[in-house]
Colleague: 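Please read through the structure below; I'll follow up with questions.
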Amino acid sequence: MTNPKSIASFIFSHPLSKFKGNASMLSLKNLGLRTGPCLLQTFLAPFHSTSSSDCQSQRNHPRIMFEKITNLDDALILFDEMTQRQPQSSVLKFNQLLQAVTRMKHFASSVELFKQMNALRIPFNVYTINIVINCCCKLYRTTEGFALLGYGFKHSIKPNVFTFSTLLNGLILEDKVLIAERFFKKLIKEELCDPDVIMYSTMIKGLCNCGINDKAIGLLKLMDERGCKPNVVTYSTVIDSLCKDEMVDDALKLFKHMVLRKYIRPNVVTYNSLIRGLCSLCRWDEASKMLKDMEDERISPDVWTFSILVDALCKEGHVEDAEGVIKLMFQRGKDPNVVTYNSLIDGYCLQGEMRKASEVFDSMELRGLVPDIVTYNSLLNGYCKKLEIEEALHLFHEIIKKGLKPNVITYNTMLHGLFLIGRCKDAYKLFSEMRSQNVIPDRFTYEIVLEGLCNNNQVDEALSLFHLMGDNKLNSYINAYNILIDGASKSRKLDIARNIFKNVFDKGLEPTVQTYTVMIGAFCLEGLMGEAKKLFNEMEKRGCSPNSVTYCVILQGFIKKEEQGVIEILLKEMEDKGFSIDASTLSMLLDQIKARSLDGSLVKLIGKVVPKEVDGLV
DNA sequence: CTAGGGTTAG
């Protein structure tokens with residue numbers, strides 16, 4: 001772990017800050033590529049014109065024409081035009097059009113166009129179904145993708161490795177990794193296709209997604225042995241996954257293996273993953289080194305790289321440095337995008353600097369960037385944290401007015417805010433509204449609502465909601481149990497707390513330190529120090545060591561009982577374990593000593609567990 | 001000529 005002060009120097013002393021953008025100035029905007037009706041005329045001209053030179057140019061540059069389509073309306077008009085042409089446009093042309101629509105991410109429209117093609121009996125080939133299957137997959141409708149595969153069979157279209165890897169990717173996008181694995185194995189075993197590097201990489205990505213990195217690495221080795229060389233994408237997939245799981249050192253090891261043993265050149269994506277991994281662990285010096293390395297390799301950082309830096313700096317509270325990175329981006333001709341600004345806005349919101357956050361918001365709109373739901377979620381979060389709920393509600397309505405769809409995070413943030421200021425009724429109304437808007441509550445929603453109800457003296461409501469949640473995946477997260485045990489305890493319903501605690505074990509869930517700590521706290525509150533101490537000793541045996549909080553909680557129980565001896569032992573244990581005492585426990589102790597109900601000899605022990613003042617840093 | 005894989009939100 002390095003000194004966070006090195007961040008500023010890490011950014012500004014870096015050689016890249018001295019570079020001037022040149023190649024990057026060749027942005028689309030500078031090339032004069034814009035969307036809109038002016039372009040449409042260019043596309044349609046050949047169809048309306050009888051001039052042979054126009055037809056000639058169309059024949060010579062068939063690809064460029066489709067690549068220039070930048071909005072859906074143009075594409076749809078062109079499609080109509082093509083269906084009416086005599087003689088009919090070739091499959092190739094239709095494929096190019098479908099792909100153009102797909103490139104614009106209008107997946108549903110692509111599927112619709114394909115349906116229209118079929119209604120008009122326009123012929124299609126394997127390219128066509130591959131494009132459309134891909135669209136289904138991107139829409140999380142992989143089942144339809146498989147149906148299309150069958151439809152293709154009926155039309156004697158033989159699927160190929162593209163078809164199968166697209167479907168495999170669809171299953172993985174839908175988190176159906178087990179099914180994906182079965183599908184993958186079946187393809188190989190029955191020799192339905194010869195897996196290539198993309199298919200292996202897709203499967204590896206699936207394994208990474210559900211956190212089985214070692215299995216992913218195993219497959220990486222296996223494909224190599226089977227004569228299919230992993231490439232930079234394959235390695236980057238695994239490297240990124242390791243970084244996300246905070247196993248940056250393993251990621252670095254794999255990175256070195258890729259470069260030094262396999263002679264595969266990393267690209268900007270590989271570096272971005274590593275830089276993000278290092279930044280998220282505050283290993284700034286190494287991140288800086290990585291940035292320098294990529295520059296040495298003549299790989300220039302892109303908007304993504306800079307956004308990662310902005311995000312990491314903001315999350316660590318160094319928003320000013322993040323602003324510096326954005327200035328640097330402009331210098332290098334890499335215009336920040338919505339994601340970049342979102343991180344900055346989030347940074348200000350986390351610091352409660354809402355005025356600054358709004359300024360950034362305005363400046364991004366001035367630059368023609370359209371704020372998305374993530375932008376609004378940060379702002380909502382900022383206002384809610386400051387308890388400026390009216391402001392948050394106002395913003396919430398603005399989101400809807402702008403035609404943006406609030407997502408589960410939006411609702412969670414808003415719910416949290418409403419509960420914070422005790423507006424339970426409004427919160428509950430919003431909670432039901434979210435269902436009617438087809439936004440599925442997640443585990444966080446339930447945790448927020450359960451905690452909100454508990455904090456507002458409505459434990460019974462919390463409990464009935466908990467029972468309503470039933471036996472689905474949602475109540476297999478331990479947090480909800482911790483919240484309810486704590487809530488029940490604070491409402492002096494020890495039996496209920498006990499029951500829920502028991503429930504954790506009955507359900508086979510893994511209790512955390514917090515689970516034990518809240519239960520111990522519940523016993524302490526009732527003065528049942530025998531039971532508290534029993535559980536305290538037991539947790540260690542069950543493989544869950546108490547932390548500072550656990551010690552403070554049980555200490556408070558014994559302080560109230562004025563048990564000098566136990567307090568001494570606990571304080572000594574805390575010192576041995578390097579734990580520190582929190583403010584409220586400390587003041588409780590000192591009060592009792594002042595009142596002479598505890599002995600002053602404790603002061604020496606207390607001195608050892610008072611957190612040391614750390615000055616200078618942060 | 002036309003198709004598939006890897007990096008950023010609470």
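Here is the naming used below: chain letters follow the sequence lines, and residue numbers restart at 1 for every chain.
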Colleague: Do Phe444(A) and Val408(A) touch side chain to side chain, with heavy atoms closer than 4.5 Å?
Modeller: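 A side-chain contact is absent here, since even the closest heavy-atom pair is not under 4.5 Å.
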Colleague: Which nucleotide sits closest to the side chain of Asn381(A): dG4(B), dG10(B), dT8(B)?
Modeller: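 So the nucleotide nearest the side chain must be dG10(B).
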Colleague: Keeping Ser241(A) on the side-chain end and Thr237(A) on the backbone end, is there a donor-acceptor pair under 3.5 Å?
Modeller: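 Absent.
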Colleague: So, OP1 or OP2 of dG4(B): does either fall under 4.0 Å of a side-chain N or O from Lys205(A)?
Modeller: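 No, no such contact exists.
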Colleague: Please work out if Thr166(A) contacts a base, only the sugar-phosphate, or nothing of the nucleic acid, heavy-atom cut-off 4.0 Å.
Modeller: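 Since only primed, P, OP1 and OP2 atoms lie under 4.0 Å of Thr166(A), the category is sugar-phosphate.
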Colleague: With heavy atoms under 4.0 Å as the rule, sort Thr413(A) into base, sugar-phosphate or nothing.
Modeller: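 Nothing, no nucleic acid heavy atom in range.
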Colleague: Taking atom types as they are modelled, is there a donor-acceptor pair under 3.5 Å from the base of dG4(B) to the side chain of Asn160(A)?
Modeller: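 Result: no qualifying N/O pair found.
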Colleague: Counting side-chain heavy atoms from C-beta on, which of dG10(B), dT8(B), dG6(B) comes nearest to Asp442(A)?
Modeller: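 The closest nucleotide is dG10(B).
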Colleague: Checking the side chain of Gln351(A) only, and the main-chain atoms of Gly317(A) only, is there a donor and an acceptor separated by less than 3.5 Å?
Modeller: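 Yes, because the side chain of Gln351(A) sits within donor-acceptor range (under 3.5 Å) of the backbone of Gly317(A).
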Colleague: Looking only at N and O atoms, is any donor in the side chain of Ser165(A) or the base of dG4(B) less than 3.5 Å from an acceptor on the other one?
Modeller: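 Checked by distance alone, the answer is yes.
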Colleague: So, under a plain 3.5 Å distance rule, would you say the side chain of Thr202(A) forms a donor-acceptor pair with the base of dG5(B)?
Modeller: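 Not at all, since no donor on one side and acceptor on the other fall under 3.5 Å apart.
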Colleague: Could you check whether Asn231(A) gets within reach of a base, just the sugar-phosphate, or nothing at all, counting any heavy atom under 4.0 Å?
Modeller: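 Here Asn231(A) touches the bases of the nucleic acid.
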Colleague: Across the strands shown, which category fits Val161(A) at heavy-atom distances under 4.0 angstrom: base, sugar-phosphate, nothing?
Modeller: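 Base contact.
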Colleague: Where the side chain of Phe162(A) is defined as all heavy atoms beyond and including C-beta, which of dT7(B), dG6(B), dG4(B) is the nearest nucleotide?
Modeller: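 Nearest listed nucleotide: dG4(B).
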Colleague: Going by number, which of residues 124-150 of chain A have a non-hydrogen atom under 4.0 Å from DNA chain B?
Modeller: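 Here the set is Tyr127(A), Asn130(A), Ile131(A), Asn134(A), Lys138(A).
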Colleague: Regarding dG4(B), can its base be found pairing with the side chain of Asp196(A) as donor and acceptor, where the two atoms are less than 3.5 Å apart?
Modeller: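 Answer yes: a donor N or O sits under 3.5 Å from an acceptor.
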Colleague: Between Asp224(A) and Lys262(A), does any side-chain N to carboxylate O distance fall below 4.0 Å?
Modeller: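 Salt bridge flag = yes for Lys262(A) with Asp224(A).
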Colleague: Within the structure shown, what part of the strands sits under 4.0 Å from Asp311(A) by heavy-atom distance: base, sugar-phosphate, or nothing?
Modeller: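 Touches nothing.
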Colleague: Under 4.0 angstrom, heavy atoms only, what part of the nucleic acid is Thr375(A) near: base, sugar-phosphate, or nothing?
Modeller: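 Thr375(A): no heavy atom of the nucleic acid under 4.0 Å.
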Colleague: Tell me if the side-chain of Ser201(A) makes a donor-acceptor pair with the base of dG5(B), cut-off 3.5 Å, by modelled atom types.
Modeller: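 Pair found.
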Colleague: When you measure from the side chain of Asp372(A) to the backbone of Thr375(A), do you find a donor-acceptor pair of N or O atoms at a distance under 3.5 Å?
Modeller: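 At least one qualifying donor-acceptor pair exists.
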Colleague: Please output the side-chain donor-acceptor pairs of residues 201-210 of chain A that fall under 3.5 Å, not counting sequence neighbours, one pair per line with the distance.
Modeller:
from	atom 1	to	atom 2	distance (Å)
Ser201(A)	OG	Val197(A)	O	2.6
Ser201(A)	OG	Thr234(A)	OG1	2.9
Thr202(A)	OG1	Ile198(A)	O	2.7
Lys205(A)	NZ	Asn209(A)	OD1	3.4

Colleague: Could you check whether Lys315(A) gets within reach of a base, just the sugar-phosphate, or nothing at all, counting any heavy atom under 4.0 Å?
Modeller: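 Lys315(A): backbone/sugar contact only, no base atoms under 4.0 Å.
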Colleague: Is any side-chain nitrogen or oxygen of Lys93(A) closer than 4.0 Å to OP1 or OP2 of dC1(B)?
Modeller: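 No.
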Colleague: If I compare all heavy atoms of Phe107(A) with all of Thr102(A), which pair ends up nearest, and what's the gap?
Modeller: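 Closest approach of Phe107(A) to Thr102(A): CE2-O, 3.6 Å.
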Colleague: Whole angstrom is fine here: how far is it from CZ in Phe444(A) over to C1' in dA9(B)?
Modeller: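 The answer, rounded to whole Å, is 13 Å.
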Colleague: A side-chain contact here means heavy atoms from C-beta on lying under 4.5 Å apart; do Arg276(A) and Asp240(A) qualify?
Modeller: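 Arg276(A) reaches Asp240(A) side chain to side chain.
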Colleague: With a non-hydrogen cut-off below 4.0 angstrom, is Asn169(A) in contact with a base, only sugar-phosphate, or nothing?
Modeller: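 Sugar-phosphate contact only - Asn169(A) comes under 4.0 Å of backbone atoms but never of a base.
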